[in-house]
Engineer: 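Here it is: the structure, laid out below.
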Amino acid sequence: MNKITVHCTVNHKPVSVEIEPNKRLLDMLRVNLGLTSVKEGCSEGECGACTVIYNGEPVTSCCILAGQAEGADIITLEGVSVDGKPDVVQQAFIESGAIQCGFCIPGMILTAEALLMKNPHPTMEQIKEAMSGNLCRCTGYKKIEEAVALAASRM
Amino acid sequence: MKRRGTGVGCMFYGIGNTGLPNPAAAFVEVLPDTSVNVIVGAADIGQGSSTMAAAVAAETLGLAIENIHVTWADTQVAPEGGATSASRQTFITGNAVKNACTQAMGELRRTAAEKLEVPEEDLVFRNREIYSSKDETKRMTYPELMGAMSYRGRLAVGAGYYNPKTTYLNPADMSGVPYEVYSYATCILEVEVDTDTGEVTLLKCVSAHDVGTPINPKMVEGQIEGGTAMGTGFVISEKIDVDPKTLAIKNPTLSKYIIGTNMDMPEIYPIAVSSEGEAGPFGAKGLGEPALIPSIPATMAAIGNALGVTFTKTPIFPADIVKAWKDKQAAENQG
Amino acid sequence: MSKYAVLNTEFPKVDALERALGTAKYAADYFMPNMLYSGVFRSTVPHAYVKKLNLDKARALPGVAAVLDYTAIPGKNRFGIIVKDEPCLVDDKIRRYGDALAVVAAETQELVDEALELIEVEYEELTPVKSFEEAMAPGAPIVHGQTNVHAKKHLEFGNVDEAWDKCDVIVENTYSTHILSHMFIEPDAGLAYLDEQGVMNVIASTQNPHYDRNEVAAMLGIPMNRVRVKQATTGGGFGGKLDIGVQLHVALLAWHTRRPVKMVRSRTESTMVSSKRHPITMKCRTGATRDGKLVAVDVVMTCDAGAYGSYGPAVIGRAPVHIVGPYECPNVRCDAVFAYTNNPMCGAFRGFGVPQAAVCHEGQMNALAKALNMDPIELRLRNAHKVGTVIPTGQTLTESVGFTDTLLKAREKALEVMPEAMARLKTE
Amino acid sequence: MRPFDFYAPATVVEALELMHQHKENVAVIAGGTDLVLELNERKANPAVVIDLKKLKELDYIRVEEGVVRIGALTTHAAIAADRQIEKYVRVLHEACRQVGSPQIRNLGTIGGNLAQSSVAGDGLAACVTLDADVTLRSVRGERRMKLDEFLAGEGATRRNILAADELLTEVSFALPDIRHTATAFYKLAKRKSLAISVIGGGMVATVDDNGICTYARMRAGALGRYPMPFPTCEAHLVGKKLTYATMLETLPIMHDQVLEANKSRPWSVFYKKESVQGVFKKVFADVLHQLGLEEVQE
C-alpha cells in the first residue's frame, strides 16, 4: 500500500497530509490533524456526530475516504470559534441549554452553521429539516432547535 | 385512516439506592479572592451534576455561580461520589456540597460576626454580601470578608458528605424506609395513528414533574424533553432483537436500533412543579429517571385510546397496531 | 425578593463552553506518546467451555505488544457492582455471546484487528438457556453456581387475600416489557497508563469512577489508592456505563506492557457488551371500591435477567416498591423472581425497573377508570400520594409529595394546549 | 480497513481504463455511504479503490428533447433541490428528498444508489417506477438498457448485470407531461428521518382528457430483491376512469401478491401485505390530487 498525500483546506488553512489510503476523512482529521472535536458515534453515517462542513455542505466524515478529500474545503468545530471564543451559534447553544452530554454537539453546531451560511433566516421547519441528520440521545432536540433559531435571530 | 388518541401516565420514583446506604461526599475551599473550589466525586454524564454542585455551593455560600469552579470524578482528588444512577446526585451530592459549604462557613461566620459585631446566627450570605438580618445596614462585601479571613490566618475549608436516611428492608416483606424522598410526575400525551400503515405521529405532550426545588429551569426542561424522547421511543420504535440461535444482539447499530430523530418528536410542554421539603439541598430532588418514565405508559395509553384497544405489551410497533386494528374490525363485524 | 439568589435562575451549565467549542476531551480523544491500541477477542457462542485458545499466532504478529488471557490477571477475576459474577476474561465458561476471552494490544488499530483474527478458539458447547421459562424448567442447564434463580423478592403489606371481598371492581391483566438498549451516543472508550509514581491511571467514559477504581485495584491486586480513575467527558450513559467497561482490559494491558493503552469500542461491540433493560412480565390483579379507591394489588413479576447479575438486584429491589405507583393502597403483595439465562446481560437502565412497573400500574389505573367509567385523571387524584400516606413498605411520607400538583398542572396545561385531546380522554 | 491502493481519475476514460486494469479486485467509490462502511468493517477488501467523485462530467441534470438525463454522480441532494424534477417528476423528487439524512443526501449519488441495487434503495424504486434507462460504459464501449433489464442479476451474489470494469454513467427517462401524467412516491419507514424504507411505493399514471387511465405503472421497493411490479393492478386501472374507488379495487390484488411473494416470513409478511395497501392509498391520493381529479380525505 502506497501512502498518498492529501492537499486540502482545513479550517481556512491549506494543509497537506501524508496518509495511508485506508483511512477515512474522520481518521485524518482526528488522528493526523488532531481535530478531535470530530466525533465517531456510529461509523455508518447514521448519527451525524462526525459531521464536517465539506465544500459548504454538511457531510458525515466517516463515509469519506481521506484520499477523496483532495482539494476539498473542510471546516470542523475548531474552525468555527475565534481565538477560543464561541461564535454566535456556539453561544446560542450554551445559552439555550442545548448541551447535555455534548457528544453530538460538534455535529449539531456544524450542521447549523452550514444551514445559516446558506440561509441566515430559516423558518423553524427549515431548521428541523436541516438538523434531521444528527441524532441526540439526551435532549429530545427541542433546546437544540431553539438554539439554532436563537442564533439565526442574531445573524 | 388517521385516528387520534390521548393518554395519561404517572409515576413516582424513590431517590437513591433502595434501602441501602449510598453516601457521597464533597470538598469546598473559598479562596482569598472569593473564587471557590468545589470537588465532588459525582460523575457528570451530561445531566448536569457539576452545575448543580456549583449552584448549591453558590447559593449556600452567598456567592455567584461564576465564582465556583467544580472538579469532579477524579478518584485521586475527589472523595467518594457513588454511582451516577438512581437519580441520586442532586439529592445526595447536592446535600454533601451543602454540608461541606456549611463547614467552610464556620470560619466565615465567625469572622463576619466579629467584623460586623452582630451574632453569627443573624448573618445572611447572599449575592456576594454578608449582612445582618436584623439590621441590613450592617453589611460587608465578600472581598472584605476574605480580607479579614486572611488577616486572621483563617481558612474557609469544608468537607461534607451525605447518606440518605433510609433503613435496610426486611427480607421477609420488604418493610422499612427504602428512600428518604420521592419524585413525582404526570404526563399527558396525544398521538395520531395511521391504521393502514401503523405509523404513529407524536403530537403534543405535557409533562409535569415535582422536582422539589428547580436548580436550573432550562436543565429541568432539558431532562424532561430528553426523557420524553426516550420514553416515547421505548414504546414505538426501540427494541433489541436477539438471534434465537447464538443469542447475539442482531441490531447493535444506530441504523437498526431505532431511536427518534428530531422529526419524530412531539411538541413538548415541560412543567416544573415545586414541593415543600427539607430533605434535599434547598428541597431539590432527582429528575434524571423520572423524566423518562411517565411518557411510557402515556404513549401506550394514547395509542390504545386512538384505536379503542388496550395494549399491555411493549413495544407497540406499526405491525402491532395494524394487527390490533384489524382484529378489532373483525370482532366488530362478527358482533 | 425570590427565595433564592442563584437557584431557579438562568445560568449556563458549568461545562457547556468546552462542549460548544469542541475542546472537551472524551476518552477516545486522548492520545499519549508511545500509546498502544487494543481490542478484545470475544465468544461467538452463548454457552460453552473453552477447549483450546491459541494465542500464539497473534502473539507472533510483528507490532503486537501483548495478547493476554485470564492467566495474566494478577488479582481477582470476578466483577460486578452488586454480585461479583462476571469475569474480566473468561476462566471457567462462556455465559453469553460476546464474553471476553483475550485482549490484544498493538502499535496500530489495524494490527489489533489483524491479531484478533489470528486467535483461534475451540468450544465445547453447552445447551444455552434462552428464556425465563427454560431457566426455571426442571433439569435446566445451570448458568451460574447451583440455581438459575438470580434473585427473589417478596413484598407484603396489609392483607391482600382478605381484601378482595371489599372490592367492587377487580381488574386483572398481564403486562410485559421488552429488552432495550441505552444507545448513549458515545461508544465506550478508555485509556490506562502507569504514571511516574507507579499509580495505575485509568481515564474512561464512565458513570462510576470510584467503583471502577475499586474493581481495577482488585483485578491488579493492589491497594485502591494505587489506582486513579478519572472520568473523561462522557457522552451519555443512562445506566449503560455503570458496569465496568473497558477499564479492566486497558488496565491489565497497561500493567503488562508498561505502556499507555487505549481502547475504543466500535458501536457494535459497545451495544453488544453493555447491559440492557430488563424485560419484565407482570401479572397483576387490582381491586377498588366503586368510588375508585384502591383496595388491593397483587403482582407476580418474572424476568429474564440475562447472563450476569449487573444491577439486577437493584432492579428487583426497586420494582416491587414502586409496583402500585404513586397511589395509596392498603393491601399489596408482590412476588418477583429474576432468572439467569444466556441472553444479553441486563442491568441498569434509566429507571431501574420503575418504567416497567409504571407500564403495569398505569395500565391498571386506566383499566379501572374504564371499568368504573371514571375520568382517568380523577381516579388518580382520588388515590394520589400525599403527606401522611403510608406506602407499601410501611413508610409514612412526611414531606415533598407534589404528586397532586403534577396532575393538576398537567391537566390545566393540557386543557389549554390540547383541549380536543382532553375531550377524547374522557369519551373513550 | 485492510490496505488498498487509491486512485482518483479526472476523466471517465481514465477511470474506465483503471477499472479495466484492476478489474479482478477493484471497488469504485462515489458517495461512499455504502463502501466506506464495508471497508471499515472489513466486509469489502479490494486491492484498489477508485474514487469517482472527481468526474465532474457525470454530475448533471439535463432535459433534452423530452428526456431527463441525470449523470451518475448527481447527489440525492442535487436531485431533491432541482426545480424541474420537483415539478415534473414527483416520484423521484420525493424519493431523493427522503434518502437517509441531509448529510447522506449531500454525499450519496443516484448512480451509486442504482449500482448498489439495495433492496430498500429509494432512488432505485423511483427510477424503476419511471421505467428509466441506464447507460453503462467500459473500455469496450457503451450499452444502454431498461433498469428492469439491468436488475436481472443473480440476487445475493450479483445484484445487477454491471461488469466489474463497467461504470453506470447515466440514468434517463421521458419527461412526464404533467397535464396528463402524475407520479408519486410514499416512503413507509420506522422513523421520520434517517430511515431505511420498509416499503417505498411509487406510481406513474397517465389519463386522457376524459380522465380515463391510459397508462399506469406501480412499483414498490423493499418487498423483494428488486422493486416489486404490480402488473395486474396496472391492468385493472388502464381503460377505466381514474378514481379513488377504482384505485382502491387494486388493493386486494396487491395484498395477495405481496403475501405470495413473502409467505416464507410469516410475521413480516403480515405487516407488509397490510401496510403496502396503506402506502398505495397515499400514493393514489397524491396522484389524483396532482391530476386535479379528486381530493381524498384521510
Side-chain angles (χ1 to χ4, degrees), chain A residues 1 11 20 22-23 27 29-32 34-44 46-49 52 62 76-110 134-139 143 147, chain C residues 9-32 35 37 107-111 113-114 180-189 191 205-207 231-241 262 264-271 274 349-350:
Chain A
M1 177 171 60
N11 295 333
E20 297 86 5
N22 62 346
K23 298 288 181 195
D27 306 314
L29 294 170
R30 281 180 57 81
V31 181
N32 300 68
L35 301 170
T36 53
S37 76
V38 188
K39 302 298 181 206
E40 181 162 13
C42 71
S43 322
E44 55 169 349
E46 197 74 14
C47 75
V52 298
C62 73
T76 72
L77 199 55
E78 287 87 347
V80 167
S81 41
V82 188
D83 301 329
K85 296 238 163 43
D87 83 338
V88 62
V89 181
Q90 290 168 314
Q91 186 60 34
F93 270 67
I94 294 169
E95 286 177 32
S96 302
I99 303 171
Q100 290 191 31
C101 88
F103 198 77
C104 71
I105 291 298
M108 289 281 183
I109 291 178
L110 288 168
N134 296 74
L135 291 175
C136 169
R137 190 59 158 162
C138 297
T139 66
K143 300 263 178 285
Chain C
T9 66
E10 297 249 328
F11 51 89
K13 288 179 72 188
V14 297
D15 51 0
L17 177 64
E18 60 265 31
R19 295 174 200 222
L21 294 174
T23 52
K25 278 175 99 169
Y26 296 78
D29 301 338
Y30 284 82
F31 292 86
M32 289 183 75
M35 184 181 85
Y37 294 81
E107 301 293 338
T108 68
Q109 191 60 51
E110 284 79 9
L111 281 167
D113 294 341
E114 258 190 84
L180 293 108
S181 178
H182 312 79
M183 286 299 179
F184 37 75
I185 213 82
E186 177 214 19
D188 301 271
L191 173 127
S205 179
T206 179
Q207 295 179 241
Q231 184 203 13
T233 305
T234 296
F238 312 106
K241 290 174 181 169
K262 172 160 143 178
V264 182
R265 284 184 185 159
S266 70
R267 168 59 56 184
T268 295
E269 185 181 15
S270 189
T271 309
S274 60
F349 190 171
R350 204 177 195 179

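Lettering follows sequence order; numbering is per chain, from 1.
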Engineer: Counting only heavy atoms closer than 4.5 Å, note whether L135(A) contacts chain C via side chain, backbone, both or neither.
Structural biologist: both
Engineer: Quick one: CG on L17(C) to CD on Q91(A), what's the gap to the nearest 0.5 Å?
Structural biologist: 8.0 Å
Engineer: Counting heavy-atom pairs closer than 4.5 Å to chain C, which one of E95(A), E78(A), Q100(A) comes out on top?
Structural biologist: Q100(A)
Engineer: In terms of heavy-atom pairs under 4.5 Å with chain C, which of C47(A), C136(A), G97(A), P86(A) leads?
Structural biologist: P86(A)
Engineer: Among residues at least two apart in sequence or on other chains, which ones pass salt bridge (Lys or Arg N to Asp or Glu O under 4.0 Å) with E44(A)?
Structural biologist: none
Engineer: Between K23(A) and E110(C) (salt bridge meaning N to carboxylate O under 4.0 Å), is one present in this structure?
Structural biologist: yes
Engineer: Can you name the nearest heavy-atom pair linking R137(A) to H182(C), along with the distance?
Structural biologist: NE-O, 2.7 Å
Engineer: Carefully, step by step, assess C138(A) and F184(C) under the rule side chain to side chain contact (heavy atoms under 4.5 Å, CB included).
Structural biologist: CA-CA 8 Å; C138(A) 297; F184(C) 37 75; over 6 Å; no
Engineer: Taking salt bridge (Lys or Arg N to Asp or Glu O under 4.0 Å) as the test, write out the residues that go with E269(C), two or more places apart.
Structural biologist: R42(C)
Engineer: Check whether any side-chain N or O of R267(C) sits under 3.5 Å from a backbone N or O of S43(A) as a donor-acceptor pair, and report yes or no.
Structural biologist: no
Engineer: For the candidates L35(A), I109(A), V89(A), T36(A), which exhibits the highest count of non-hydrogen atom pairs separated by less than 4.5 Å from chain C?
Structural biologist: T36(A)
Engineer: For the pair R30(A) (side chain) and A28(C) (backbone), establish whether a donor and an acceptor sit closer than 3.5 Å, ignoring hydrogens and angles.
Structural biologist: yes
Engineer: Quick check on A24(C) against chain A: is it the side chain, the backbone, both or neither that has a heavy atom closer than 4.5 Å?
Structural biologist: backbone
Engineer: Report the distance from atom CD of E18(C) to atom OG of S37(A), rounding to the nearest 0.5 Å.
Structural biologist: 14.0 Å
